[in-house]
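To find a chain, count down the sequence lines: A is the first, B the second, and so on, and within it residues start at 1.
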Protein chains: 2
Amino acid sequence: MVRSKNGEAALEPPKKLQIIEAAFSLFRKNGFYATGVDLIMQKAGVSKRTLYKYFPTKNDLIVAVLNHYRIVYEKYLNQILKQKDKTSRRKILEIFDDAEQWFEDINFHGCLAVNAMGEFSGKNQAIEDSCIRFKRWEIDILRSLTKDINSARADELAYKLFVLLEGMSSIAQVTKGACPFDMTAMANEIIERHTP
Amino acid sequence: MVRSKNGEAALEPPKKLQIIEAAFSLFRKNGFYATGVDLIMQKAGVSKRTLYKYFPTKNDLIVAVLNHYRIVYEKYLNQILKQKDKTSRRKILEIFDDAEQWFEDINFHGCLAVNAMGEFSGKNQAIEDSCIRFKRWEIDILRSLTKDINSARADELAYKLFVLLEGMSSIAQVTKGACPFDMTAMANEIIERHTP
DNA sequence: GACAATGTATACCGATCGGTTTATCTTGAT
DNA sequence: ATCAAGATAAACCGATCGGTATACATTGTC
């Protein structure tokens, strides 16, 4: 059984990833300050010593979680972006369609980077930088798509779509109600208006 | 000098308001969990006993601060809304103009209700309710103005403007950079498109 | 079977948290 | 001048925080 355990261990994520994923779900649900390291190590099934071996401070773990957040997002986006048979416009609308569903999920608690900035703004530069990088990356993705729609006004279109996405996210986080209007249709209108 | 002190005391806000205002600025800058009651009482120039007389728990103070946040916002909005010589459209654009300046301010840290929801979602019902009420109130104000522009589609127009406002707020909070596009012009475009 | 490495469990640390209590001082009304 | 009210300052409380240190169990390698 030792051998089989080893085989599994090679496939299952290492402890470091376990910790990040446990912290990720706890931070998202309960916030950063409100989540203690004891709870994280308990949920990760890992001792405190191991946790502090991989992450010398809690803030280091937070930075790692924010990076993980982007990687998870990236994996999802790549599934959409790699579809060769779809136009950039359709890809964008697909992103908005999925986002609309997320926002209606009872377990949606807003963008982790926005929440982190609300708790650590002016307090921890590394965390702030992570958040800023995340948002810049988000709009870069959108811009890479809007370039195919209207290369001359790609920046403007990407930014307008981004504002729509962020606005809906914030509103959904607070009001927790279903969107009173069709977000994807809104995105489609904006794209329509910027299509030459 | 005792008499002059008394005279001033009658005009200056009572201790309760001092506490709320001190907590307001601290919560906005440093977040809720990260701000201890000791710092609040120190900044308010008030003893701990007095603070706990007016607010039995810290969460009670947070709710009061969120209500205060709405009242401050309301006072500002009333200055705009009461101008009889301006159209509702101009009033909306004025709101967006001011918002754009706020967002570029170095001391802007996002919407307090959004930040509070990020820290207390699923933890404190009273705080959550305060945040939800705040957002509902915001969109109600917008709807009261869009009714004058297009009564048939007032809800839709108000919501679109609200999404724009919230989206810009979130983006500004994280990226801390100047808006790359003219937000008021965007609002104007939206209104234009919904004007019959 | 021995050994070093690694992980776990847990006790512990000082600091700080939200909140209470006590003791002192100021104040306004009589 | 006195006295009760209400404020302050500060000690204090138990709990929890992030983080460290210790003791024990498990593991792969030789």
Side-chain angles (χ1 to χ4, degrees), chain A residues 1-23 26-27 29-66 116 119-120 123-124 126-127, chain B residues 1-23 26-27 29-66 116 119-120 123-124 126-127:
Chain A
M1 59 174 151
V2 172
R3 205 164 300 171
S4 72
K5 254 198 158 183
N6 288 346
E8 288 170 9
L11 292 178
E12 80 185 355
K15 310 241 166 194
K16 188 171 181 178
L17 189 57
Q18 286 176 239
I19 297 167
I20 288 177
E21 284 174 342
L26 287 171
F27 287 153
K29 194 194 309 181
N30 301 323
F32 296 90
Y33 273 92
T35 302
V37 291
D38 291 46
L39 187 59
I40 294 171
M41 61 174 247
Q42 182 184 325
K43 172 144 191 169
V46 148
S47 76
K48 216 169 194 180
R49 191 186 180 121
T50 303
L51 191 152
Y52 275 95
K53 175 189 157 192
Y54 290 114
F55 308 101
T57 71
K58 185 185 177 185
N59 285 346
D60 290 329
L61 174 56
I62 290 173
V63 170
V65 166
L66 288 169
E119 295 202 49
F120 296 99
K123 284 219 200 44
N124 186 293
I127 295 177
Chain B
M1 58 173 147
V2 172
R3 203 165 300 171
S4 72
K5 256 198 155 185
N6 288 347
E8 289 169 9
L11 292 177
E12 79 186 356
K15 310 240 169 196
K16 188 172 181 177
L17 189 57
Q18 288 175 236
I19 298 167
I20 288 177
E21 284 175 341
L26 287 171
F27 286 153
K29 195 195 309 182
N30 300 323
F32 295 92
Y33 272 92
T35 302
V37 292
D38 291 47
L39 188 60
I40 294 171
M41 62 173 247
Q42 181 184 325
K43 173 145 188 166
V46 148
S47 77
K48 216 168 193 179
R49 191 184 179 118
T50 304
L51 191 151
Y52 275 93
K53 175 188 158 194
Y54 290 113
F55 307 100
T57 71
K58 186 187 176 184
N59 284 346
D60 289 330
L61 174 56
I62 291 172
V63 170
V65 165
L66 288 170
E119 295 202 49
F120 296 98
K123 284 221 205 36
N124 186 294
I127 293 175

Checklist outcome for this item: Rounded to whole Å, the CE-P distance (A/Met41 to D/dT20) equals 14 Å

Next on the checklist: So, using side chain to side chain contact (heavy atoms under 4.5 Å, CB included) as the criterion, who are the partners of A/Lys29 when residues are at least two apart?
Outcome noted: A/His109

Checklist entry - ring pair (Phe, Tyr, Trp, His ring centres under 6.0 Å): which pairs involve residues 35-59 of chain A, sequence neighbours left out? => result none

Checklist entry - Once you round it to whole Å, what is the distance between C1' of D/dT20 and NZ of A/Lys53? => result 17 Å

Next on the checklist: So if I define the base as every atom that isn't primed, P, OP1 or OP2, how would nucleotides 17-22 of chain C read as a B/S/- string at a heavy-atom cutoff under 4.0 Å?
Outcome noted: -SBB-B

Show which side-chain atoms of residues 33-45 of chain B pair as donor or acceptor with protein atoms under 3.5 Å away, not counting sequence neighbours.
| from | atom 1 | to | atom 2 | distance (Å) |
| --- | --- | --- | --- | --- |
| B/Thr35 | OG1 | B/Gly31 | O | 2.6 |
| B/Asp38 | OD1 | B/Lys48 | NZ | 3.1 |
| B/Lys43 | NZ | B/Ser25 | OG | 3.4 |

Checklist entry - Which whole-number value in Å describes the distance from B/Lys16 NZ to D/dG6 P? => result 16 Å

Checklist entry - Taking atom P of D/dA9 as reference, at what distance in whole Å does atom NZ of B/Lys15 sit? => result 9 Å

Checklist entry - Do A/Asp60 and A/Thr57 touch side chain to side chain, with heavy atoms closer than 4.5 Å? => result yes

Next on the checklist: Could you work out, with ring-ring contact (aromatic ring centres under 6.0 Å, His included) as the rule, every residue matching A/Phe32, not counting sequence neighbours?
Outcome noted: A/Phe27, A/Phe120

Item to check | Side-chain N or O of A/Ser47 closer than 4.0 Å to phosphate OP1/OP2 of C/dT10 | outcome: no

Checklist outcome for this item: B/Gln42 atom CD is separated from C/dT16 atom P, nearest whole Å, by 13 Å

Item to check | Partners meeting salt bridge (charged side-chain N to carboxylate O under 4.0 Å, His left out) with B/Lys58 (sequence neighbours left out) | outcome: none

